[in-house]
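What you are looking at is a predicted structure, and each value in this text was computed from that prediction instead of being measured. Proteins get letters first, then strands, A, B, ... in listed order; numbering begins at 1 in each.
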Amino acid sequence: MSTHLRHLRGLTIATAVTLTAGLALVFFYAPLDAEQGFVQKIFYVHVPLAIVSLVGFCLGGVFGLVYLRTGKRVWDMRSYCAIHMSLIFSVGGLLAGSIWAKASWGHWWVWSEPTLVSYLIVILLYCTYQPLRFSIEDPERQARYAAVFSIVCGAFVPINFILVNLSVQYLHPRVLNLQGGNMPNSMKLAFYVSLLGFSLLFATLMKYEMASKEMRIETRRLRRMLLGEDPAGPLVRSASPS
Amino acid sequence: MRLPHCTGEMQDAAITPDPEGPTAPALSLVVELDGLTRHFGERTVLRGISLGLDAGQTLAVLGRNGAGKSTLLRILATLLRPHAGSVKLFGEPLPRQGWAVRGRIGLLGHEPLLYRDLSGRENLAYHARLHRVPQGRVDELLEAVGMLQRADDPIRSLSRGMVQRLTVARAVLHRPALLLLDEPRSNLDPAAGDLVEPLIGRSAGVTRVLTSHDPQAALAEADLVLALASGRAAYVGPPAGLDQGTVRSLYA
Amino acid sequence: MRTAAAILRKDLLIERRTLETLPGMALLSVMTFVIFHFGLGQDSLSGQLAAGVLTVTLLFAAMLAVNRLFVAEREQGGFDAFLLAPVDRTAMFTAKATALFLFMVALELIAVPAFALLLAPPGLGRSLPAFLLMLVLADGAFAVIGTFVSAIAVHTRARDLIGPVIGLPLLLPALIATASGIGPLLTLRASGSPEPKWLAVLALYDLFTALLAIGLFDYLLEE
């Protein structure tokens with residue numbers, strides 16, 4: 001537990017600094033978009049959120065794989081926290097994307113944008129992660145099944161993007177290239193600093209969540225030690241690793 | 001297809017145990033437990049169980065409901081993993097070498113492990129295919145447990161005693177060298193009990209781990225007794241060392 | 001392989017005895033066609049709409065089989081019996097996926113003629129081989145993901161819910177490919193040859209998910 005707390009303060013400060021710097025660059029340095037104007041600035045929030053959440057989902061799968069290989073509970077915890085945080089980030093990313101879509105295309109939702117559609121599918125898929133965990137009572141089985149699920153879904157994320165891209169390109173022309181390969185350098189700088197800031201935010205929040213969960217487990221363990229062995233035990237069903 | 005090689009060979013060697021014969025002590029230990037511990041969630045069901053059981057001997061596990069008897073049997077059957085301590089079957093550590101011992105264990109638990117909608121013959125034929133046992137063995141066992149007449153009726157139409165007899169046949173189908181018997185004689189009338197005696201009784205000549213709702217009967221069959229009280233070993237040793245008061249307090 | 005064959009044989013025997021799965025699937029699919037007829041208010045469908053209706057119907061029917069696939073193993077001790085035997089664990093996956101695939105093929109033997117009779121416009125005979133090829137590949141996807149999802153769901157409390165809920169998003173790429181692939185085949189001007197892209201996508205999806213599921217299936221059986 002102490003290993004998480006040790007780096008937590010430094011990480012928190014680094015996150016705050018980078019994120020502030022990133023937002024400052026976005027608002028005061030990066031040029032206004034010629035066509036879309038001020039609302040285009042949400043791009044600097046939406047895209048990093050989306051990228052970080054997708055990487056986080058895949059990372060959850062990698063942690064799940066390590067859990068299956070080693071059987072150490074801490075990897076289950078990492079996998080759970082990575083997916084949990086990614087889900088929160090991805091919902092944020094989806095909302096931001098929706099706002100952007102409304103501002104620039106006039107619709108809250110656009111089916112012809114394959115990145116949006118595949119993103120929605122991925123979010124729907126990961127929305128089932130918590131219900132799955134919650135419906136398995138035995139904590140060991142819960143961890144193992146969640147790990148298997150996280151690996152399959154982690155591998156599913158890139159596959160899904162490729163397939164949906166294929167299908168939408170076939171039916172509709174692409175409206176807008178989200179990747180923005182030809183951004184001016186000032187935009188690029190703001191974007192990358194912002195991306196770094198959100199990545200750090202992800203790492204920090206994940207570490208906070210892990211620290212809190214492990215503290216709770218530790219507290220329960222100490223309480224059991226102090227109050228004596230209660231054979232029935234406080235068997236509370238939970239979706240999170242315990 | 002990945003298969004545990006040489007299973008058949010070892011099985012053959014193992015089905016002719018020689019309890020009286022001089023065997024090397026390290027090899028003759030069929031069950032070796034050292035500090036075996038198992039949790040369910042935050043509850044500890046087995047705590048630090050240690051014992052060794054020689055080939056051909058019978059271990060009786062005593063204790064009231066919930067003392068951890070069935071959990072112990074499921075661990076020995078490689079169906080549950082131990083959480084701490086070591087378990088060795090035929091000298092192979094579990095759970096790592098589970099595949100090496102699996103075909104040599106026969107489990108007779110609370111569940112019959114038979115499909116309700118299939119007949120006794122079909123169920124046994126399926127298990128024979130899983131264990132690579134010739135199909136002739138099925139009829140041999142159906143006759144041995146006195147179920148030839150009802151062999152083609154679906155399991156759900158049979159009485160509990162008949163199902164139990166088929167369960168015995170299922171458990172010994174592949175001639176296991178270690179029998180794990182969880183209350184094997186429940187639902188059996190005396191005649192049926194005599195029928196299954198050569199298969200799972202002392203005269204079967206195989207190593208056995210046995211629980212029973214009748215402690216006296218279990219003690220009479222045992223070479224070694226493990227008394228469980230809420231997951232701990234209250235007594236490990238020969239049946240003679242266990243006095244009636246302790247037995248009563250176990251079930252109190 | 002012998003183990004997988006033994007399990008498959010046992011599963012088909014149980015299905016023949018109990019008829020718990022297939023009649024339900026067939027009935028559901030025909031009823032769904034009737035509902036679509038009224039819901040869409042059309043006597044015959046073609047093109048992408050027909051493809052969508054057919055894909056969704058097959059998906060619904062598949063979910064019935066998925067929910068039932070491991071119930072007997074779980075409730076009647078089949079898992080324990082299998083785990084006690086000295087056999088390769090992957091055999092269980094192979095057998096169950098094959099069983100599900102056969103159930104889907106059997107379902108389509110009823111559902112596709114029913115669809116042709118009730119909803120499809122006449123004169124699509126030229127597309128039939130390509131159409132069947134797409135269906136077989138789609139059945140592969142249903143079989144693999146269905147088996148995987150069913151093995152997870154059978155150990156959960158709300159298994160009838162968890163199965164479809166995790167199965168649907170995982171199947172979405174295959175459903176997209178199936179619907180997009182058979183859509184053009186169900187138009188009257190169809191060339192009769194399948195779009196190679198969708199065939200490739202479905203085949204790759206089948207292969208990829210099968211490898212993944214086989215690699216991970218052991219962890220779902222262990223106690």
Side-chain angles (χ1 to χ4, degrees), chain A residues 57 61 64-65 67-71 76 111 114 117-172 237 239, chain C residues 47-48 51 79 141 144-145 148-149 151-181 183-184 195-202 204-223:
Chain A
F57 284 139
L65 188 63
Y67 172 72
L68 286 187
R69 289 255 157 242
T70 63
D76 178 45
W111 282 109
V117 176
S118 31
Y119 198 50
L120 178 70
I121 296 174
V122 167
I123 293 176
L124 287 177
L125 178 62
Y126 276 98
C127 280
T128 63
Y129 180 74
Q130 301 255 351
L132 171 67
R133 286 198 80 117
F134 191 67
S135 68
I136 303 173
E137 276 161 84
D138 176 28
E140 250 178 86
R141 188 186 286 276
Q142 184 191 78
R144 209 171 53 238
Y145 278 35
V148 169
F149 181 80
S150 73
I151 295 167
V152 170
C153 296
F156 178 85
V157 169
I159 305 277
N160 174 56
F161 268 79
I162 295 167
L163 286 182
V164 175
N165 259 294
L166 267 178
S167 83
V168 175
Q169 271 170 0
Y170 171 72
L171 294 170
H172 312 272
R237 210 145 66 87
Chain C
Q48 212 50 55
F79 279 128
V144 170
I145 293 293
F148 177 74
V149 158
I152 289 184
V154 77
H155 286 289
T156 63
R157 285 163 62 95
R159 65 172 167 239
D160 297 344
L161 189 78
I162 292 289
V165 155
I166 51 181
L168 284 182
L170 281 175
L171 273 171
L172 252 171
L175 297 176
I176 291 172
T178 310
S180 312
E195 186 99 23
K197 183 171 76 181
W198 296 121
L199 281 179
V201 164
L202 261 182
L204 282 177
Y205 178 92
D206 286 359
L207 185 72
F208 173 78
T209 49
L211 289 178
L212 207 58
I214 287 174
L216 291 170
F217 193 71
D218 274 19
Y219 294 105
L220 298 180
L221 284 184
E222 228 173 84
E223 193 78 30

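The minimum heavy-atom distance between P169(C) and I121(A), with the atom names listed, is O-CG2, 4.1 Å. Of all non-hydrogen atoms in L220(C) and R141(A), the two that sit nearest each other are O-NH1, 4.2 Å. Between A158(C) and S135(A) the shortest heavy-atom distance is N-CB, 4.3 Å.
With a 4.5 Å cut-off on non-hydrogen atoms, F208(C) touches chain A through its side chain but not through its backbone. Heavy-atom distances place the side chain of L172(C), and not its backbone, under 4.5 Å from chain A. The parts of L132(A) that come within reach of chain C are both its backbone and its side chain, each placing non-hydrogen atoms under 4.5 angstrom from that chain. Neither the backbone nor the side chain of A153(C) comes within contact range of chain A, judged by heavy atoms closer than 4.5 Å.
By the side-chain hydrogen bond (donor to acceptor under 3.5 Å, both in side chains) test, Y219(C) is found to be paired with no residue, residues two or more places apart in sequence or in another chain being considered. When the ring pair (Phe, Tyr, Trp, His ring centres under 6.0 Å) test is applied to F57(A), the partners found at least two apart in sequence or on another chain are Y126(A).
In this structure, the separation between CZ on F149(A) and CD1 on I162(C) is 9.0 Å, given to the nearest 0.5 Å. Rounded to the nearest 0.5 Å, atoms CG (L170(C)) and OG1 (T128(A)) are 7.5 Å apart. One finds the CZ atom of R144(A) at 12.0 Å from the CG atom of L216(C) (value rounded to the nearest 0.5 Å).
Of the listed residues (L68(A), V122(A), L65(A), I159(A)), the one with the most heavy-atom contacts under 4.5 Å to chain C is L68(A). The choice from V165(C), I166(C), L168(C) that makes the most heavy-atom pairs within less than 4.5 Å of chain A is I166(C). Contact tally against chain C (heavy-atom pairs below 4.5 Å) for Y129(A), F156(A), Y145(A): the top residue is Y145(A). With chain C as partner, the option from I151(A), V152(A), N160(A) having the largest number of non-hydrogen pairs under 4.5 angstrom is V152(A). If you tally non-hydrogen atom pairs under 4.5 Å between each of I152(C), T209(C), V201(C) and chain A, the highest count goes to I152(C).
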